[in-house]
Amino acid sequence: MADEVRKEEQKATGDFRSDSNFLLGYFSEKDGALCYRYDAERLILEPWGENSLRVRASKEAQMPQELWALDGKPEGEKAQIVIGEYEARITNGKLTAHINNIGKLTFSNEKGEVLLEEFVRNRRDMFSPTTSSLEIEGREFKPLIGGDYRLTMRFEGKEQKIFGMGQYQQDFMDLMGAELELAHRNSQASVPFYISSLGYGFLWNNPAVGKVNFNKNVFTWVAESTKKLDYWITAGDTPAQIERAYADATGKVPMMPEYGLGFWQCKLRYQTQEELLEVAREYKRRQIPIDVIVVDFFHWPLQGEWKFDPTYWPDPDAMIRELDEMGITLMVSVWPMVDYRSENFEEMMAKGLLTRVEKGVRIDNTYQGNTIQYDTTNPEAREYVWEKCKKNYYDKGVKLFWLDEAEPEYTVYDFENYRYHLGPNVQIGNVYPAMYAKGFFDGMKAAGEDKIVNLLRCAWAGSQKYGALVWSGDIHSTFASLRNQLCAGLNMAIAGIPWWTTDIGGFFGANIYDEEYHECFVRWFEYGAFCPVMRLHGYRMPYQPQYGTTGGATCVSGAPNEIWSYGDTVYEICKKYIDLREQMRPYTRSLMEAAHETGDPVMRPLFYEFPEDGKTWEVENEYLYGPDILVAPVLYAGMESREVYLPEGAEWTNVWTKEKFAGGQTVTVRTPLEEIPLFTRNGFALEV
C-alpha cells in the first residue's frame, strides 16, 4: 500500500529521482531524430518515408551505420518532435511513437489507437497497468563473452492477424501464434517484413540468425548475435498503402522482361546441348508458346568452374543463336559452391573470396565433391564470379541466370560455424541471398541491361530491388506440398517479394507414369498459370541413364518433363493453360508494371483489394492474380467441387459458366480436371 501512495505522490509532484527504483533516461533531438539515452544504450527514432519511422538502439560506442534492407534515408523527411521532462514523442504522418521516462516505446496511429507496444514488466514503469516485479525489459542486449550481443526484442501480443515474413513450408497464412526461424534453408526464406490487420507494417531490419514468436501474450524477436537493434515501422489505412510504403523504403523490382510473361520449360537436367535443342524444336513443331528453356546444374566440368563443359555442350554459341532464332531465351544455372579440385579454387582462396569456418575442415557442402561457398558479402568475390559468368555466358548471349543454392545450402546447418567478409554467419548470414542477387544485378546493369531478372532459391528483405525472382525450392510432388506453396507464395508477396514462382508439379518424388500423380501435376499446372512466372520443373522418375562419365555428367538426370511426357489427357490440358497464359500476357505485363512502379504484388491475398470485408482476412485457399482475377486452386485429390468466397464490393463472373454473382457470398463450383475455378471482377474479360 505504501508503494501505491508513493506512486500517487510522485505522479502529482513530478519528484521521481528520489526513488532508486525509478531511474530516468534522457531525451534529446538531433538531426530531425528523437534520441533517448540511458546508461550504455542509445536509442534513435527517425522519420524514414511517409508515415514511417526507423528505430535503432545499441550499446556500442558509436551507432552502427549499416542500412541493411533499407535504401538511403529519404530526403526532406521531417517529423514533429515533442520532448517533455518525463515523456517524448515523434510523429510522422499517420504514425506516432511515444517513449516514456524509462525508455518504453509505444506506437499509435492518427486515431490514437495503439498499434505496437513494447513488453516491459518492471517496477520502474510506475504508471503503467503492467507495472511488475518481474524485471523484464522490452529491449534486452545480453553480452556474448568476447563478442557482441544476443538481442531480444519484446512487444505486447495484441490480438491481430499477421501476414508476410517470407516463405515457410506450412499450410496456413496467418502467422499469429506461430514461431518462425529467422534463417534460410532449402525451401525456406526468411524475409522479415509483415503486415498486421491492425494497420501497420513492420520490418525486422537485422540479418542475424534468430527466431520470432507471435504469441498472444508477447511477440519476441531474437538475434543470436548482433551489434544493434534495427527495425522499421509504418502505419497505413489499407494493406496496399502499407505495402507501397515498404517498397519505397526497401526498393522496387525492375520491369520484368517480356520473356518473363510466358511459359518456362525446365527439368533436372538436360544432359547435352542436342537434348535441350531437340526439346525446344519440339515445342516449336507443336506450335506451343514457350519463352524460356533452362540449362540446369552440372553442365559445368566442376563446381566453381562457371562455364559449359565442352564435352557435352560443344558449341554453346550456336545453341544460343538457334534458340534466339526460335524466340526462346536461355537460362543458365549458377551455383556458389567451389570444388577444391576446380580451376578457380586456389586463386579464390588466396584472394579471400571464399566462406570461412570457425573450426574444423573448411568444407560446407559435400554434394558431388568437397566444396566451400564463395562469399557473396565480399564485393571483390561478387565481381570475380560475375566476370567469370560474363565471359563464359553473358558475352555469348545469356541474359538470364538461375542463381541456385542461394541460402546458401550447407550439408549441415551449423549456422554458427561459418564466417563471411561482413562478419559471422550467425550475425549477418541472412543477407547472403540478397548479395548473391546484387552481384549479378550490378554486373548486368554495368553491361547495359535495365530489365534484369534472375531466378534465386532464396531471398532476404530488399532482394526485390536486385531483380530477384524467388522460387520455393526443392519441394515434394504432392497435394500437401501444393497447399504449402499457395500460402508460401502469398506470404512472400506480402513480405515484399512480388516475383515468385514454384516448380510446377513439385521437385521430387513423382513418377511420370503414375496416373494418380497426373492429377496433382494438372492441378499444379493450372495454378502455375496464375503465378507471377509460369515455370515447369522437376526431378522425375524413372531416372534417365547417365550420359557420359566425366565432369558434370556424374550427376544423373531425371525423366522427361515436357508437357507431352504425361500422356494425351495431361498434354491437352497443359496446352490449354499455356494458351491462356499467352492470352493474359497484356494483363500480366500490367501487373509487372505495377510491381515495378508501386511495389504492388502480382498475386495477392483477398484482403489486399478488399480490406473492409472482414471475411477476406480469413480466406487462405484462394487469391487474386492482380486486381481482377480471382483464383481458387484445387488443392486436394478427387475434388469434384469446392467452395469459393467472393469478396463484398464487386460483381463476380464465373469464367467457365459466365454466371454472375454479387460479392459477399460463398458459392459452390464444379471442378472437373481441366478447370481451375476462376472469377473475374466487375466485367473484366478473360476468355477460355
Side-chain angles (χ1 to χ4, degrees), residues 68-70 115-116 151 153-155 157-158 160-216 218-224 230-234 236 239 242-243 245-247 249-250 406-407 429-434 456-464 468 470-473 483-500 502 599 601 603-605 607-608 617 620 623:
W68 295 129
L70 294 172
L115 303 175
L116 196 62
L151 169 64
M153 177 73 248
R154 302 179 180 94
F155 295 105
K158 293 184 65 174
Q160 59 198 282
K161 291 185 176 298
I162 290 173
F163 302 93
M165 290 300 298
Q167 173 180 280
Y168 293 86
Q169 295 301 320
Q170 51 206 23
D171 63 354
F172 55 88
M173 282 177 56
D174 181 6
L175 301 174
M176 188 65 188
E179 176 178 301
L180 304 176
E181 181 185 44
L182 300 177
H184 306 313
R185 297 174 184 261
N186 185 340
S187 77
Q188 175 176 296
S190 173
V191 187
F193 172 73
Y194 72 83
I195 285 179
S196 166
S197 59
L198 296 181
Y200 72 91
F202 182 93
L203 167 68
W204 181 251
N205 190 34
N206 190 322
V209 170
K211 65 179 180 179
V212 60
N213 286 281
F214 296 113
N215 294 325
K216 69 178 182 179
V218 59
F219 289 5
T220 306
W221 296 83
V222 174
E224 292 296 340
D230 192 343
Y231 63 86
W232 177 89
I233 182 170
T234 189
I242 294 168
E243 194 74 34
Y246 174 74
T250 60
E407 302 83 21
N430 285 338
V431 80
Y432 188 101
L456 287 95
R457 201 174 69 185
C458 198
W460 191 64
S463 285
Q464 71 278 356
V470 186
W471 100 97
S472 58
R483 293 192 290 274
N484 289 347
Q485 305 327 302
L486 175 62
C487 294
L490 291 172
N491 270 335
M492 279 289 271
I494 293 300
I497 307 293
W499 293 351
W500 180 88
T502 180
M603 55 194 302
R604 309 167 184 182
F607 65 76
Y608 195 85
W617 294 85
E620 297 189 346
Y623 66 99

task: Starting from the C-alpha separation in whole Å, work towards a yes-or-no answer on side-chain contact (heavy atoms from CB on, under 4.5 Å) for Thr250 and Leu70.
output: CA-CA 5 Å; Thr250 60; Leu70 294 172; 4.1 Å; yes

- prompt: From Met176 CE over to Ile162 CD1, what is the distance, rounded to the nearest 0.5 angstrom?
  reply: 5.5 Å

N-O pairing of Glu407 and Arg185 below 4.0 Å: no

- request: For the residue pair Gln167 and Val191, establish whether any side-chain heavy-atom pair is separated by less than 4.5 Å.
  value: no

Arg457 vs Asn186 side-chain heavy atoms within contact, under 4.5 Å: yes

From Lys158 atom NZ to Leu115 atom CG, the distance as rounded to the nearest 0.5 Å: 7.0 Å

- request: Enter the distance from Phe163:CZ to Cys487:SG here, rounded to the nearest 0.5 Å.
  value: 10.0 Å

query: Do Trp471 and Gln485 touch side chain to side chain, with heavy atoms closer than 4.5 Å?
result: no

message: With rounding to the nearest 0.5 angstrom, report the CD to CE distance, Gln464 to Met492.
response: 9.5 Å

statement: For Ala493 and Pro601, the nearest pair of non-hydrogen atoms, with its separation, is CB-CB, 3.6 Å

task: Check step by step if side-chain contact (heavy atoms from CB on, under 4.5 Å) holds for Asn205 and Trp68.
output: CA-CA 7 Å; Asn205 190 34; Trp68 295 129; 3.3 Å; yes

Asp230 CG to Leu203 CG distance, which is reported to the nearest 0.5 Å: 8.0 Å

- request: For ring pair (Phe, Tyr, Trp, His ring centres under 6.0 Å), just list the numbers for Tyr608 and Trp617, CA-CA rounded to whole Å, side-chain angles, deciding distance to a tenth of an Å, and then say yes or no.
  value: CA-CA 9 Å; Tyr608 195 85; Trp617 294 85; 9.9 Å; no

query: Side chains of Ser472 and Ser187: donor-acceptor distance under 3.5 Å anywhere?
result: no

task: Applying side-chain contact (heavy atoms from CB on, under 4.5 Å), run through Gln170 and Leu175 and close with a yes or a no.
output: CA-CA 10 Å; Gln170 51 206 23; Leu175 301 174; 3.5 Å; yes

message: Between Phe193 and Trp460 (judged by ring centroids, cut-off 6.0 Å), do the two rings come close enough to count as a pair?
response: no

- prompt: Is there a side-chain contact between Phe219 and Met153, using heavy atoms and a 4.5 Å cut-off?
  reply: no

task: Report the distance from atom CH2 of Trp204 to atom CG of Leu180, rounding to the nearest 0.5 Å.
output: 13.5 Å

field: Residue pair Ser190 / Glu181, side-chain donor-acceptor N/O under 3.5 Å
entry: no

task: Could you check if a side-chain atom of Glu620 sits within less than 4.5 angstrom of a side-chain atom of Phe172, using non-hydrogen atoms only?
output: yes

query: Phe155 vs Tyr231 aromatic rings, parallel, tilted or perpendicular, using cut-offs 30° and 60°?
result: perpendicular

- prompt: What are the two closest non-hydrogen atoms of Pro433 and Leu456, and how far apart are they?
  reply: O-CD2, 3.6 Å

query: Using a distance-only test with no angle check, is there a side-chain donor-acceptor pair under 3.5 angstrom linking Tyr194 and Tyr246?
result: no

task: Report yes if the side chains of Asn206 and Asn430 come closer than 4.5 Å at any heavy-atom pair, otherwise no.
output: no

message: Do Asn491 and Tyr168 make a side-chain contact, defined as non-hydrogen atoms from C-beta onward lying under 4.5 Å apart?
response: no

- prompt: Shortest non-hydrogen contact from Gly166 to Ala495?
  reply: N-CB, 3.5 Å

- prompt: salt bridge (charged side-chain N to carboxylate O under 4.0 Å, His left out): which pairs involve residues 162-179, sequence neighbours left out?
  reply: Lys161-Asp174

- prompt: Do you see a donor-acceptor pair shorter than 3.5 Å between the side chains of Ser197 and Gln160?
  reply: no

query: How close do Ala183 and Val209 get, heavy atom to heavy atom, and via which atoms?
result: CB-CG1, 4.1 Å

query: Of all heavy-atom pairs between Gly599 and Ala247, which one has the smallest distance, and what is that distance?
result: CA-CB, 3.7 Å

- prompt: Given side chains that start at C-beta, do those of Tyr623 and Pro605 come closer than 4.5 Å, heavy atoms only?
  reply: no

- request: Begin from the C-alpha positions of Phe214 and Trp221 and carry the test side-chain contact (heavy atoms from CB on, under 4.5 Å) through to its verdict.
  value: CA-CA 9 Å; Phe214 296 113; Trp221 296 83; 4.1 Å; yes

